[in-house]
Engineer: 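Sharing a structure, written as structure tokens. Questions coming.
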Amino acid sequence: MRTFETILILAFICNCYYYKLQMLKENVSNILERVGGAAVRAGRSPVDIKLVAVTKTVDIDTIREAINAGLRILGENRVQEAQRKISNLKSQISNVKIEWHLIGHLQKNKAKYALQLFDLIHTVDSVSLAEELNRQAEKAGKVQRILVQVKLSEEETKHGASEGALMTILGRIRELGNLRAEGLMTIPPFFEDPEKVRPYFRKLRELRDEAESAGFGLPELSMGMSGDFEAAIEEGATLVRIGAALFGERK
Ligand SMILES: *Cc1c(COP(=O)(O)O)cnc(C)c1O
């Protein structure tokens, strides 16, 4: 009974697909609910917090389902991987506007490509990267929206401007006509317990407030991931970057 076996296998595949889709939809609504809850606890409006769905290593089909499930801001950490996904998806979804964000470290020699792909670059962390981005943005006739990444710990492996360099970088960016700094971003050290991460979130908000007193308009705070986004929202996050809690643990 070949046909029967084929039907069984097909039914199984459909079922797995349906199951995965249901899981994703449940994760999306669960996360949105928790985002809203954290906002309300902090006396903030849930609409002021944007969910950046981190799709690094996630396959195209799943990303398409994520878009169907209502996600509109997608975050990638590698220029090349994003390039492949964006051009692949562009041909399939022309009716919805997706915002792509770069959340990974950017090398100067990729500035030109990053600028063609991303609506917001979260990871500008030096004057020289800012200048290169500005140069490329000017050539492309674009004003590039950026965040300045700040490093608040001593970890060697992390990128980001030091606290001491922040004002200098912001000052230089203000002079660059084709960049618009909209806020700050940080990746704190990893702790299982979100309460241990909270001081880093608070610190980033304080740095932002200081910069604002010095005349910089920096409404956005990109902070908080799957394990700690509620604490980040309570401390003022406007952009939370969530991967695993939406798509499952990465391999
Ligand atoms: C991978 C990544 C995230 C998402 O982390 P999860 O724990 O999967 O939510 C957020 N921000 C940056 C910069 C990342 O590289």
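Each ligand, and each atom within it, is numbered from 1 in the order the structure gives. When a residue number appears, it is its place in the shown sequence, counting from 1.
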Engineer: Less than 4.0 angstrom from a charged side-chain N to a carboxylate O is my criterion; do Lys20 and Glu65 meet it?
Structural biologist: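 No.
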Engineer: Verify, without hydrogens or angle tests, whether Asp59 (side chain) and Thr62 (backbone) share a donor-acceptor contact under 3.5 angstrom.
Structural biologist: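 Yes, Asp59 side chain to Thr62 backbone: donor-acceptor pair under 3.5 Å.
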Engineer: With side chains defined as the heavy atoms from C-beta onward, is the minimum distance between Leu246 and Leu71 less than 4.5 Å?
Structural biologist: yes
Engineer: Is the shortest side-chain heavy-atom distance between Leu207 and Thr186 below 4.5 Å?
Structural biologist: no
Engineer: Please tell me if the side chains of Arg241 and His101 come closer than 4.5 Å, counting only heavy atoms from C-beta onward.
Structural biologist: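 A side-chain contact under 4.5 Å is absent here.
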Engineer: At less than 4.0 angstrom from any atom of ligand 1, which residues have a non-hydrogen atom? List them by chain and residue number.
Structural biologist: Val54, Lys56, Ile103, Ile187, Met225, Ser226, Arg241, Ile242, Gly243, Ala244, Arg250
Engineer: Please step through salt bridge (charged side-chain N to carboxylate O under 4.0 Å, His left out) for the pair Asp119 and Lys97, ending with a clear verdict.
Structural biologist: CA-CA 11 Å; Asp119 299 285; Lys97 171 76 185 98; 3.7 Å; yes
